[in-house]
Amino acid sequence: MSGREYYNRTLDLLRQHHEWFRKAIPLIASENVPSSGVREALVSDFGNRYAEGWPGERVYAGCTYIDEVELVCIELMKKLFQAEFVDVRPISGVVANLVLYTAFTNPGDVMMALSIPCGGHISMGKKKLGGTAGAVHDLAVEYLALDYDELNLDVEKTKKRVERLLDKGTPPKLVVFGGSVLPFPHPIEELADFFKKVGATVAYDAAHVAGLIACGCFQDPLREGADVVTLSTHKTLFGPQHGGVLSWEKHADKIRRATFPGMVSNHHLHAVAGVAIASAEMLEFGKEYGRQVIKNSKALGQALYERGFNVLAEHKGFTESHVLLADITKHGDGGTIEGQLENANIILNRNLLPWDIKEGRHFMHPGGIRMGTSEVTRLGMRESQMAEVAEFMKRVIIDKEDVDKVKDDVAEFRKDYQKVHYCFEDAAEAYEYIKIR
Ligand SMILES: *Cc1c(COP(=O)(O)O)cnc(C)c1O
């Protein structure tokens, strides 16, 4: 292909992706759709600039407006999270976790977090798995205990594990609460003092639930005892892909230094501007949005359950956040089911269940699927639409109807949900392809 052909091909693929998403039901729990305001920030010239350092103390010229925007972003995040200190420079959730590890641990230290099948993220993973904590920062990762029925931490078992580590002379230096399957608030309050007494920094990875925390709809880790909170800005928080760290003034210097010069050089200034815009939208519309996300996830859980799906934690109303986990082993494996649903334009992901590895299942063909309701909520869907979504899933997986028929019906259903809600301006449709050539 010539340069021109590659150029056209790439732009054409982008356009096709947009066309596809207009007709699909987006249920990936870690994704969301940004507003027109956020998208405008992303194509601005900020994305072509450098601003190493802190606003007002940059080592580059040309930062007059960049500094102001970054200060606006910090001010907004301080308000939303009632945080004394905010660093908006980490360029993703993984980088935010690396900032955490760099600021609060030394290589070789013991860190505790959930295992991946139990809802932990690969950035908290052991060295042998190639996880960021183990493979990049050389932390010795030990697992927090999960209660499989409650889909939440087991406080007593976790304490016993810590005591065993103390007996071995290897106390944890860091505990990271939170995770990628986080349907219920973690018991930080019950465990924070216990961990602090043994000398551990208490952190909370809010990558998934940052938007729900910002609007006061989930838990409040800083008030419950967390020293540090790391986050992604694009999951339940509906900004561009980026990261952040929240903490207390007394930890500000270490975190700043870990971020720069430690973890970033340029920090994606267009994304910082996008985070400021999304945070402003969150300040105005967050409460309404967060409440609807949770109503929708509970409604989707109930509707799937009534149609024969084994959605976990039924006795607790399935979830208190945006995320749901279903054991799909009656119908096939998570990988195959993910593919079948994708063929009907229902986009979600396979997921390990807490007991999958013990039962010999693998992450490519796990026993579960994971769903989140942030993006469909942003598209204006409510509880009754969740029942329709569940029905589409049933037709594919349980009734084994022709996927092309379901796909057509999904596209028809989606026609009424093309705008982004919970934002100030919606001139462009949610997945409109914006051409500026
Ligand atoms: C998604 C996620 C991350 C990583 O976030 P990125 O912004 O994709 O780097 C970190 N921790 C948890 C718990 C996550 O779910």
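All values below come from the heavy atoms of this structure, side chains included, with hydrogens, waters and symmetry mates left out. Read the numbers this way: they start at 1 and go in the same order the structure lists the ligands and their atoms. One is the number of the first residue; the rest follow in order along the sequence.
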Which protein non-hydrogen atom lies closest to [atom], naming both residue and atom, and how far is it?
atom	value
atom 1 (C) of ligand 1	Lys235 NZ, 1.3 Å
atom 4 (C) of ligand 1	His121 CE1, 3.4 Å
atom 5 (O) of ligand 1	Ser232 OG, 3.0 Å

Residue-ligand contact [X]/ligand 1, heavy atom below 4.0 Å:
X	answer
Ser123	yes
Gln241	no
Gly243	no

Establish, for the pair Lys126 and Tyr143, whether the NZ or CZ atom is under 6.0 angstrom from the six-membered ring centre and no further than 45 degrees off its axis.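 Geometry flag: set, cation within 6.0 Å and 45°.
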Is it possible for you to check whether Arg89 lies under 6.0 Å from the centre of the six-membered ring of Phe260, through NZ or CZ, and within 45° of that ring's axis?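 Judged by the rule (NZ or CZ under 6.0 Å from the ring centre, within 45° of its axis), Arg89 is not positioned above Phe260.
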Quick one: does Gly179 get an N or O within less than 3.5 Å of an N or O on ligand 1?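 No; the residue has no nitrogen or oxygen that sits under 3.5 Å from a nitrogen or oxygen of the ligand.
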Please determine, by modelled atom types, if [X] and [Y] share a side-chain donor-acceptor pair under 3.5 angstrom.
X	Y	value
His137	Thr105	yes
Ser123	Asn97	yes
Gln385	Tyr417	yes
Ser232	Gln241	no

Do Cys423 and Val38 have side chains that approach each other closer than 4.5 Å (heavy atoms only, starting at C-beta)?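 No, too far: nothing below the 4.5 Å cut-off.
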Please classify the Ser92 to ligand 1 contact at 4.0 Å (heavy-atom distances, strictly less than): side chain, backbone, both or neither.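 For Ser92, the contact with ligand 1 is made by both the backbone and the side chain.
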Go through ligand 1 atom by atom and flag the ones less than 4.0 Å from a non-hydrogen atom of [X].
X	answer
Asp205	10 (C), 11 (N), 12 (C), 13 (C)
His208	15 (O)
Ala207	2 (C), 3 (C), 10 (C), 11 (N), 12 (C), 14 (C), 15 (O)
Gly93	4 (C), 5 (O), 6 (P), 7 (O), 9 (O)
Ser180	12 (C), 13 (C), 14 (C), 15 (O)
Val94	4 (C), 5 (O), 6 (P), 9 (O)
His234	7 (O)

Output all residues satisfying salt bridge (charged side-chain N to carboxylate O under 4.0 Å, His left out) with Asp67, sequence neighbours left out; order by chain, then residue number.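 For Asp67, the residues satisfying salt bridge (charged side-chain N to carboxylate O under 4.0 Å, His left out) (neighbours in sequence not counted) are Arg58.
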Considering residues at least two apart in sequence or located in another chain, which fulfil the salt bridge (charged side-chain N to carboxylate O under 4.0 Å, His left out) criterion with Glu429?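 Here the qualifying residues are Arg22.
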Of the options Leu100, Ile255, Asp87, which is the one that meets Ser247 in a side-chain contact (heavy atoms from CB on, under 4.5 Å)?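 Testing each of Leu100, Ile255, Asp87 against Ser247, the sole residue satisfying side-chain contact (heavy atoms from CB on, under 4.5 Å) is Ile255.
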